[in-house]
Amino acid sequence: MILEGKVWRYGDNVDTDVIIPARYLNSAEPKELAEHCMEDIDPTFAGKVNAGDIIVAGRNFGCGSSREHAPVAIKASGVPCVIADSFARIFFRNAINIGLPLIELGAAVTEIDNGDNVKIDLSKGLVENITKNKYYKVQPLPGFIQEIANAGGLISYIKGDQV
Amino acid sequence: MGMTMTEKIFARHAGLENVVPGQLIKCKVDLVLGNDITAPPAIKEFECIGRPVFDKDKIALVPDHFAPNKDIKSAEMAKRMREFAKKHNITNYFEVGRMGIEHVLLPEVGLVAPGELIIGADSHTCTYGAVGAFATGVGSTDMGAAMATGDTWFKVPSSIKVILNGKMPRWVGGKDIILTLIGMIGVDGARYQALEFAGDGVANLTMTDRLTIANMAIEAGAKNGIFPVDDVTLEYISPKVKRSYSPVRADDDAVYDRVITIELDKLTPVVALPHLPENVRPVNEVSETVIDQVVIGSCTNGRIEDLAQAAEIISGRSIHPGIRTIIIPGSQSVYMEAMAKGYIETFIKAGAVVSTPTCGPCLGGYMGILAAGERAVATTNRNFRGRMGHVDSEVYLAGPAVAAASAIMGRIAGPWEVSK
């Protein structure tokens, strides 16, 4: 799958409380969650994000709560992929389980700025910063996790497994 | 090659002789936990799979985050969980009136035991490592899947050994140990790893200290935090757990990614400043900070010993007139014990308010939300931006002794300042 979009750039330790504040967790509806996505770190995000835009952040993205509402809110905002230096583990797991691809790019994220255009080839693990004309290759996900991702998430994977 | 505690529990639950860090394995789970926020989406996923629950006795459902229901939407979510519990005849559903904050409640009622493997759709599920179990937080989809299959996949983490030596000075507690550790290694210092506690100092820690420490392993990014099983553990567990269980012990030649040593007798009460739990400072350095609210409770510090410590400091004194003090016993039995011991009367006479058990203010749900510019000292676990309310409010994390002293003084204060 090839993705291309404009970058929303954030820093280190973006926690799940700023991705989707708990005051909105009285709903689990993806559309409602998307309306408040990133609200406490960037109140402009929900109103201005376009389908296909890509979030790029620093270390430990998604730290904190286990709320799956966080990757759900990002996905429902139209963001097809998050690139970060590193991800917190529960967020990583949740994103794979709900079918939001993640790319762990390491320190090279510092070369990507807000507003850059990036292109991602998920199956080959390639990231291209079109604006800066730079290319990166990332480690593909372990096979078993790719199978979950390819099935579209954990539930479809389990249903397939059962047959 | 020897194995760590976490590796042994994984091997046992995967039906393997050995496991090594990095290995992907499928494990049977002994308990699956969810709450009023995470269970409703999990139930939706569970229903997509179309199987019965794997074991009605091995699922725990606790309405604690926004319960007693804070608004109509929360009531709808709690209702969904209640109806699910009824439909599937779930043994361990805890209704309001019997419930507590999940991580205070489950150990108390004997649902977690040494050597067991527990997953919960709540990041602080890692609390149960205090009894020598492997316990970790997962999301709703993982919870929904495990309710159907009784198993889940893991990548075996490498372990960090945290050696605790000696004995804590007066006024230092489990919260100060874990905050000090997070201050040393950072909020991603144990990312994807297990924190295994060891050393002669462990014997000097009460179960309350251990539960507080394991609870905040996630705040260092860890997958789990785990304590060795000793006499203190068994004394705590044996009256509560009647089923058979089998503790694990780390091998002498177990391999650790890193070893960190903390001399307990050198520790001092600390506070984590906004907006990360790693911003740790000794209380003395920040004692001029004026505050508006104190919260004593949560899955981190809502147990009877926590309330006892707060009551000792507050007893016979008055809450500072500028401070709202909210005290939240972590469960009904903690509440009753606090009442029997006179703590509740102490708190109310001093000018504090006592709430029914709930996660409420910790995550900015209700029961003590902060306005713009307000500051709270809280015995909770996270001080992220906006965590307890307005995005421009601030949370300072501390143990119950510092929180109680701060409530009296109207600013961040050490308990020795009140004792004078």
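Reminder, nothing fancy here: chain letters follow the sequence lines and each chain counts from 1.
- In this structure, the portions of A:N26 lying under 4.5 Å from any heavy atom of chain B include both its backbone and its side chain.
- A heavy-atom distance below 4.5 Å is not found between the side chains of B:W153 and A:Y157.
- With a 4.5 angstrom heavy-atom cutoff, B:I369 does not touch chain A via any of its atoms.
- Scanning residues 125-134 of chain A against chain B with a 4.5 Å heavy-atom cutoff picks out nothing at all.
- Around atom NZ of A:K137, more than 12 heavy atoms belonging to other residues, nucleotides or ligands sit under 6.0 Å away.
- With a 4.5 Å cut-off on non-hydrogen atoms, A:S86 touches chain B through its backbone and its side chain both.
- Residues B:T136 and A:R89 bring a donor and an acceptor atom of their side chains to less than 3.5 Å of each other.
- Taking CD1 of A:I158 as the reference point, atom CZ of B:R51 lies at 7.0 Å (rounded to 0.5 Å).
- Closest of all the heavy-atom pairs between B:G139 and A:I90 is N-CG2, 4.2 Å.
- Geometric assessment of A:R93 against the ring of B:F154 yields a positive cation-pi assignment under the 6.0 Å and 45° thresholds.
- In this structure, B:R385 places its CZ atom where only 12 or fewer heavy-atom neighbours from other residues, nucleotides or ligands lie under 6.0 Å away.
- Contacts of B:I218 with chain A are made by side-chain atoms alone, with heavy-atom separations under 4.5 Å and no backbone atom involved.
- When only modelled atom types and interatomic distance are considered, B:T141 and A:E68 share a side-chain donor-acceptor pair under 3.5 Å.
- Looking at B:L24, only its side chain comes within 4.5 Å of chain A, counting heavy atoms on both sides.
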inquiry  = With side chain to side chain donor-acceptor pair (under 3.5 Å) as the criterion, how do B:D188 and A:N13 come out once you've worked through the C-alpha distance, each side chain's angles and the decisive distance to 0.1 Å?
reply    = CA-CA 8 Å; B:D188 65 348; A:N13 301 313; over 6 Å; no

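- Using a 4.5 Å cut-off between heavy atoms, B:T125 does not touch chain A at all.
- In this structure, the side chains of A:I155 and B:F46 stay at 4.5 Å or more apart for every pair of heavy atoms.
- The shortest side-chain heavy-atom distance between A:S65 and B:R382 falls under the 4.5 Å cut-off.
- With a 4.5 Å cut-off on non-hydrogen atoms, A:F92 touches chain B through its side chain but not through its backbone.
- No donor-acceptor distance shorter than 3.5 angstrom exists from the side chain of B:K73 to the backbone of A:L25, with no hydrogens or angles considered.
- In this structure the side chain of A:D40 never reaches within 4.5 angstrom of the side chain of B:F384, judged on heavy atoms.
- Neither the backbone nor the side chain of A:I41 comes within less than 4.5 Å of any heavy atom of chain B.
- Among the candidates A:E39, A:R59, A:R67, A:R23, the residue making the largest number of heavy-atom pairs closer than 4.5 Å to chain B is A:R59.
- Counting heavy atoms of neighbouring residues, nucleotides and ligands inside a 6.0 Å radius, atom NZ of B:K155 does not exceed 12 of them.
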query = Yes or no on salt bridge (Lys or Arg N to Asp or Glu O under 4.0 Å) for A:E104 and B:R191, after CA distance, side-chain angles and deciding distance?
reply = CA-CA 14 Å; A:E104 208 156 51; B:R191 205 170 47 87; 3.6 Å; yes

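- Contact residues of residues 63-71 of chain B toward chain A are B:F66, B:K70, B:D71 (heavy-atom distance under 4.5 Å).
- Side-chain contact between B:P41 and A:H69 is present, with heavy atoms from C-beta onward closer than 4.5 Å.
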